[in-house]
Enquirer: 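Before I ask anything, let me first share the structure, which is written out below as structure tokens.
One is the number of the first residue; the rest follow in order along the sequence.
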Amino acid sequence: MHCVKRISDDLTWVGANDRRLAMFEGVYSVPDGVSYNSYLLTDEKTVLFDTVDKAVRERFLENVSFVLGGRALDYIVVQHVEPDHSAALFDLTLIYPDIKIICSGKTLALLEQFFDFDIRSRAHIVSEGDTFNTGAHELHFVMAPMVHWPEVMVTYDSKSKTLFSADAFGSFGALNGALFADEVDYERDYMDEARRYYANIVGKYGTQTEAVLDKINGLEVETICPLHGFVWRRDLNTIISKYRLWGSYVPEEYGVMIVYASVYGHTENTAEILSSKLRDKGLKTTMFDVSVTPASNIVAQAFRWSHIVLASTTYNAGIFVSMEALIHDLTAHNIQNRTVAIIENGSWAPTSGGLIREKMETCKNINILDAGISLKSSLKAPQMENIERMVDSIMDSLPNSAKPSAQAVPDAAATAIDPTTVFKLSYGLFVLTAKDGEKDNGCIINTVTQITSNPLRISLAAIQANYTHDMIMKTGEFNVSILSESVPFSTFQRFGFQSGRDVDKFAGYGLEARTNNGIRYIPQNVNGVLSGKVIDSYDYGTHTIFVADVTQAITLSSEKSVTYQYYFDNIKPKPQPPKEDKKGYVCKICGYVYEGEPLPDDFVCPICKHGAADFEKL
Ligand code: FEO
């Protein structure tokens with residue numbers, strides 16, 4: 001009997017779940033099963049996106065037949081040839097003999113390697129940027145090589161704003177009756193499996209992942225349909241922001257993953273003591289016995305944490321076998337941008353530490369701490385000093401912003417004004433737009449407050465150096481677009497990193513939308529718009545406070561408003577380790593890097609608006 005899930009009036013999930021599979025690709029355990037997703041669009045033309053693994057072929061064919069309801073299947077888009085998504089292709093040609101196969105040239109070549117039926121005569125070859133009209137929908141094809149195989153492409157339906165994302169944004173785990181990520185507690189129950197899926201299946205290809213993210217950044221995406229795991233229709237930034245971090249090998253969190261290989265428990269004991277002392281300092285730690293926890297879980301956690309401690313006994317004059325296999329996995333998956341500390345053990349000839357160092361040094365941007373520990377069989381009291389030194393070294397390697405705050409009650413008198421206290425205030429983020437004649441402009445601000453509700457009045461602070469500020473001074477009118485959590489970093493780049501005096505900030509933006517006052521607003525990744533008419537203004541040197549009556553207020557979505565903190569945690573790319581020859585200054589407040597020498601005295605950070613005094617040399 002069929003088992004399908006509706007996504008919209010004409011798009012249906014026709015995939016299936018597999019909970020009998022022990023090892024995905026023969027390597028990765030899937031204790032919670034896996035879903036093979038396939039989607040059927042029933043427009044004027046009927047179009048299927050990919051098929052499923054042979055294990056669930058029967059259910060899938062029944063699903064397709066049910067949704068078609070007697071219609072023929074006109075097209076199948078093959079986005080990914082890997083057999084867990086193409087195994088039922090031949091069956092479809094037998095059931096729907098006139099079916100055409102939409103695919104790239106690379107896909108065709110790979111399909112011909114895997115199958116023995118005539119594919120070429122059915123093929124409709126597409127390339128980057130090609131489109132295909134299905135009636136009411138228009139499909140746009142975007143190549144996504146190496147995410148996860150070279151032929152992969154993703155497809156964007158510009159009518160429904162749906163991205164069929166192939167392997168990207170997928171996850172291990174069967175769907176268990178739900179289809180949408182917002183139907184489950186994704187962060188709690190599925191993010192670990194999404195990370196494990198990404199790190200192990202696609203993790204090696206971070207550059208290619210970032211390239212695809214850049215391509216889809218320009219698309220207005222409301223729904224993501226991956227080939228495994230849940231469909232995303234809300235809070236898309238939850239998964240997109242993770243992919244940004246994973247693709248760029250930027251750690252999600254500051255903290256230490258301690259992995260140990262211990263035959264008789266002495267290396268484990270040292271690892272436990274280290275972990276305990278790091279916890280005493282307030283740093284998060286997690287621990288794995290490499291002989292017990294599957295390597296795919298540890299590789300995934302390596303993509304999460306900023307610091308990795310590798311502790312291994314010496315075995316056959318080398319690294320302990322399970323640790324050696326893990327290190328091979330870590331390097332094969334291109335792990336980089338991490339701080340690593342090493343503990344070795346060896347009762348008569350400890351060599352594992354040096355060998356681990358050699359292997360980890362082959363990875364990019366790995367900072368191996370000098371404070372290593374060498375044990376001879378077991379930790380002795382004098383070596384507690386070495387543990388303390390490793391703890392200090394790990395703590396010192398954290399940026400100031402990540403150092404756990406001291407637990408002691410501060411001396412209030414000694415800290416009359418701590419300049420960082422104001423950062424504890426909560427802020428939203430907004431695009432402030434104005435219009436002067438034919439010229440539209442906008443900038444990012446973080447201070448908009450409701451003053452009264454009757455009449456409805458708001459205030460905002462705008463930097464006097466900003467062009468938008470001058471427009472408001474002249475015209476007395478503005479719009480505030482309230483950014484929501486799905487807002488991509490590119491919105492901040494467009495409206496915050498350049499001046500409207502030099503460029504047209506709306507150039508290439510499209511999506512022209514105006515309120516009754518004729519001023520543009522931002523219709524995307526925004527949950528509301530307020531139009532203001534200035535009734536008063538106050539000059540505070542660097543900033544002007546405008547007080548305004550609200551003349552129009554429009555609610556655009558129910559998505560949560562983005563906060564300054566959310567922006568830092570989830571949207572703003574984490575600062576990359578500076579290249580050695582890079583000259584410039586980094587903002588101590590938000591991490592923005594100004595490249596060049598010297599930093600102008602009047603420079604204002606385009607992100608957090610702090611001045612040159614808050615920058616330090618790289
Ligand atoms: Fe699920 Fe790369 O395939």
Enquirer: Indicate whether any N or O donor in one side chain lies under 3.5 Å from an N or O acceptor in the other, for E252 and W246.
Expert: yes
Enquirer: Quickly, which of Y186, Y243, W232 forms a ring pair (Phe, Tyr, Trp, His ring centres under 6.0 Å) with F169? Name it, please.
Expert: Y243
Enquirer: Minimum heavy-atom separation for W305 to G255, with atom names?
Expert: CE3-CA, 3.6 Å
Enquirer: Taking atom types as modelled, find out whether S397 and H307 have a side-chain donor-acceptor pair closer than 3.5 angstrom.
Expert: yes
Enquirer: Do N297 and Q301 meet the criterion of a side-chain donor-acceptor pair at a distance under 3.5 Å?
Expert: no
Enquirer: Check I368, T331, I366 against E361 for a side-chain contact (heavy atoms from CB on, under 4.5 Å) and give me the one that passes.
Expert: I368
Enquirer: Can you check whether T162's main-chain N or O pairs, donor with acceptor, with D157's side chain at less than 3.5 Å?
Expert: no
Enquirer: In terms of side-chain heavy atoms, does T313 have a donor or acceptor partner in Y260 at a distance below 3.5 Å?
Expert: no
Enquirer: Check M153, Q79, E151 against T107 for a side-chain contact (heavy atoms from CB on, under 4.5 Å) and give me the one that passes.
Expert: E151
Enquirer: Decide if the gap between the ring center of Y36 and the ring center of H228 is smaller than 6.0 angstrom.
Expert: yes
Enquirer: Does a salt bridge link K583 with E595, judged by any charged N lying under 4.0 Å from a carboxylate O?
Expert: no
Enquirer: May I ask you to check whether H148 and D167 show a side-chain donor-acceptor distance below 3.5 Å?
Expert: yes
Enquirer: Relative to the ring of Y156, is the ring of H140 parallel (under 30°), tilted (30 to 60°) or perpendicular (over 60°)?
Expert: tilted
Enquirer: Please check if the distance between the ring centroids of Y39 and F164 is under 6.0 Å.
Expert: yes
Enquirer: Determine, for D192 against R195, whether the closest basic-nitrogen to carboxylate-oxygen distance falls under 4.0 angstrom.
Expert: yes
Enquirer: Kindly state whether the ring of F230 and the ring of F180 have centres lying under 6.0 angstrom apart.
Expert: no
Enquirer: Please determine if D214 and R244 form a salt bridge, counting it only when a charged side-chain N lies under 4.0 Å from a carboxylate O.
Expert: yes
Enquirer: Given side chains that start at C-beta, do those of K364 and N337 come closer than 4.5 Å, heavy atoms only?
Expert: no
Enquirer: Tell me whether S296 contacts the main-chain N or O of Y28 through its side chain, where contact means a donor paired with an acceptor under 3.5 Å.
Expert: no
Enquirer: Given 3.5 Å as the limit, does a donor-acceptor pair link the side chain of D185 with the main chain of R188, or not?
Expert: yes
Enquirer: Can you classify the ring geometry of W149 versus F114 as parallel (below 30°), tilted (30 to 60°) or perpendicular (above 60°)?
Expert: parallel
Enquirer: State, without any angle test, whether S490 and N217 hold a side-chain donor-acceptor pair at a distance under 3.5 Å.
Expert: yes
Enquirer: I'd like to know if the side chain of E388 and the backbone of N386 have a donor-acceptor N/O pair within less than 3.5 Å.
Expert: no
Enquirer: Between Y197 and F172, is the ring centre distance below 6.0 Å?
Expert: yes
Enquirer: Between I335 and C363, which heavy-atom pair has the shortest distance, and what is it?
Expert: O-CB, 3.2 Å
Enquirer: Test your reading of the model: is there a side-chain donor-acceptor pair from Q383 to the backbone of S374, 3.5 Å cut-off?
Expert: yes
Enquirer: How would you list, by chain and number, every residue that makes a salt bridge (charged side-chain N to carboxylate O under 4.0 Å, His left out) with E324, sequence neighbours excluded?
Expert: K359
Enquirer: Distance-only, no hydrogens or angles: does the Y249 side chain make a donor-acceptor pair with backbone N or O of G203 under 3.5 Å?
Expert: yes
Enquirer: Assess, by modelled atom type and distance only, whether the side chains of S275 and T285 contain a donor and an acceptor separated by less than 3.5 Å.
Expert: yes
Enquirer: If we ignore hydrogens and angles and just use 3.5 Å, is the side chain of T314 paired with the main-chain N or O of N345 as donor and acceptor?
Expert: yes
